[in-house]
Amino acid sequence: MATAGGGGGAGSEVRRTCLLFCFVPLLAGLCQANSVERKIYIPLNRTAPCVRLLNATHQIGCQSSISGDTGVIHVVEEEEDLKWVLTDGPNPPYMVLLEGKLFTRKLMEKLKGTQRISGLAVALSKPSPVDGFSPSVECPNDGFGIYSNSYGSEYAHCKQLKWNPEGNGLAYEDFDFPIFLLEDENETQVIKQCYWDHNRGVNGSAPAYPLCAMQLFSHMHAVTSTVTCMRRSAIQSTFSINPEVVCDPLADFNVWNTLNPLNASGKLEPGDKVIIAATRLDSRSFFWNVAPGAESAVGSFITQLAVAEALQKAPDVASLPRNVMFVFFQGETFDYIGSSRMVFDMEKGKFPVQLENIHSFVELGQVALRNSSDLWMHTDPMSQRDESIHTEVMYIYK
Ligand SMILES: *[C@@H]1O[C@H](CO)[C@@H](O)[C@H](O)[C@H]1NC(C)=O
Ligand SMILES: *[C@@H]1O[C@H](CO)[C@@H](O)[C@H](O)[C@H]1NC(C)=O
Ligand SMILES: *[C@@H]1O[C@H](CO)[C@@H](O)[C@H](O)[C@H]1NC(C)=O
Ligand SMILES: *[C@@H]1O[C@H](CO)[C@@H](O)[C@H](O)[C@H]1NC(C)=O
Ligand SMILES: *[C@@H]1O[C@H](CO)[C@@H](O)[C@H](O)[C@H]1NC(C)=O
């Protein structure tokens with residue numbers, strides 16, 4: 001093992017004698033430039049970072065410092081192994097390699113409360129946890145749904161039912177160290193091997209140098225809140241010769257169409273009613289571009305596309321009593337931004353269909369990849385307080 005230069009001070013010993021792993025983008029340049037680096041670094045090729053997200057008031061997610069974070073690797077396979085990281089180990093900061101099954105709120109809270117760790121790599125949990133896993137909250141998008149303190153308050157804030165009971169809320173926490181997912185078991189094994197070879201002291205004593213370390217790099221410029229970040233972005237692009245994007249707004253498009261043609265430049269007559277069939281296009285996950293939640297979104301929007309195609313082929317489609325509008329909403333995971341925007345446009349008269357043109361609203365949730373063949377249908381108790389609507393809904397049930 002070769003040595004890389006290091007200055008004086010407490011942390012330098014670790015730096016002087018490290019075998020470094022890292023997230024590729026950092027190393028690509030270095031590796032070509034320096035053959036010593038190439039010998040002591042092994043790039044990790046299949047990783048996914050947890051990223052920084054902002055809302056109007058807060059920041060959530062994770063990032064590394066500007067040049068990446070480095071620490072001595074410690075493998076945590078059982079909860080007891082954490083003691084070394086939190087109190088006993090003599091070489092902090094540590095880079096924790098965590099078994100997927102231990103990626104829980106309880107354990108993450110312990111890691112958040114310490115200065116002794118510089119980053120976390122989570123090994124993919126295989127098989128998936130039997131009890132399920134959700135980094136979202138128990139009551140997702142609370143405060144942005146149709147029920148609020150002024151409408152259906154008895155249903156607001158999941159008072160009747162926590163609809164995501166597994167939710168541990170980790171996706172809404174702010175972490176001050178980088179967190180990565182290791183997607184490839186073989187790469188995880190390479191890291192573990194390095195740990196076993198170099199970082200385990202004999203009979204519980206402190207291990208001797210050289211030690212095996214890991215560097216995680218996922219720096220992002222976004223900080224504090226959307227307001228701060230957009231202001232910095234604006235300053236950057238106004239005064240800088242090489243403007244740097246500090247943060248990107250979450251933006252995309254809703255997709256919609258109707259079964260029978262609509263004059264998109266005009267407006268529907270008040271008596272002209274349409275049925276809206278809606279579904280969502282997005283899902284969110286803790287790690288960038290690793291989206292197990294897509295199963296739910298894809299299952300429902302493919303189904304809706306199939307319905308649209310089948311209905312459009314029906315010979316008597318032009319004579320249907322009501323037009324059907326198919327909508328695919330984007331950004332629903334984040335406070336329903338897609339559907340909220342459409343309603344906003346309808347209210348401002350910037351959309352051919354107005355709110356009073358909506359006869360009924362049907363939303364398709366997860367209809368595929370279920371364990372049983374049961375399908376659930378939920379109706380809105382508030383609108384059914386109107387007797388005629390209640391009768392009509394009951395008719396559909398039969
Ligand atoms: C922003 O996110 C934080 C953390 O999830 C939350 O507590 C806060 O209410 C959010 N603010 C707004 C305006 O939605
Ligand atoms: C891991 O390595 C084994 C043996 O070299 C190989 O058969 C397997 O396909 C590899 N797995 C992945 C995910 O690359
Ligand atoms: C990642 O890919 C590089 C180049 O193919 C290889 O040298 C390196 O060993 C890989 N990393 C791991 C951890 O397998
Ligand atoms: C470790 O401990 C065991 C049992 O206490 C002992 O037999 C062994 O010699 C020790 N190894 C070293 C390297 O000290
Ligand atoms: C569509 O609506 C616009 C504005 O009301 C109107 O000028 C135009 O003639 C309409 N086109 C058709 C095909 O009805």
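Scope of the values below: all heavy atoms of this structure, side chains included, with no hydrogens, waters or symmetry mates. Just follow the structure's listing: the first ligand is 1, and inside any ligand the first atom is 1.
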Q | atom 13 (C) of ligand 2: nearest protein contact (heavy atom, Å) | A |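 The closest heavy atom on the protein side is Asp184 OD1, 3.7 Å.
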Q) To the nearest 0.1 Å, how far is atom 2 (O) of ligand 1 from its closest protein heavy atom, and which atom is that? A)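 Heavy-atom neighbour on the protein nearest atom 2 (O) of ligand 1: Asn55 ND2, 2.3 Å.
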Does the side chain of [X] pick up a donor-acceptor pair with the side chain of [Y] at under 3.5 Å?
{"X": "Thr228", "Y": "Ser225", "answer": "yes"}
{"X": "Asn199", "Y": "Tyr94", "answer": "no"}
{"X": "Ser65", "Y": "Asp69", "answer": "yes"}

Q. Polar-atom distance check: Thr57 versus ligand 1, any N or O pair below 3.5 Å?
A.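 So ligand 1 has an N or O lying under 3.5 Å from an N or O of Thr57.
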Q) Just one of Gln59, His58, Lys112 clears the side-chain hydrogen bond (donor to acceptor under 3.5 Å, both in side chains) bar with Asp174, so which one? A) Gln59
Q: Assess whether salt bridge (Lys or Arg N to Asp or Glu O under 4.0 Å) is satisfied between Lys106 and Glu79, documenting all intermediate values.
A: CA-CA 10 Å; Lys106 185 165 145 246; Glu79 212 169 325; 3.1 Å; yes
(Q) Tell me if the centroids of the rings in Trp256 and Phe351 come within less than 6.0 Å of each other. (A) yes
Q) Is atom 4 (C) of ligand 2 close to the protein, meaning a heavy atom under 4.0 Å from it? A)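 Within 4.0 Å: no protein heavy atom nearby.
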Q. Does atom 11 (N) of ligand 1 have a protein heavy-atom neighbour under 4.0 Å away?
A.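 It does; a protein heavy atom is within 4.0 Å.
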**Q.** Nitrogen or oxygen of Asn186 less than 3.5 angstrom from that of ligand 2
**A.**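 So ligand 2 has an N or O lying under 3.5 Å from an N or O of Asn186.
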Q) Just distances here: any N/O of Val190 and N/O of ligand 3 closer than 3.5 Å? A) no
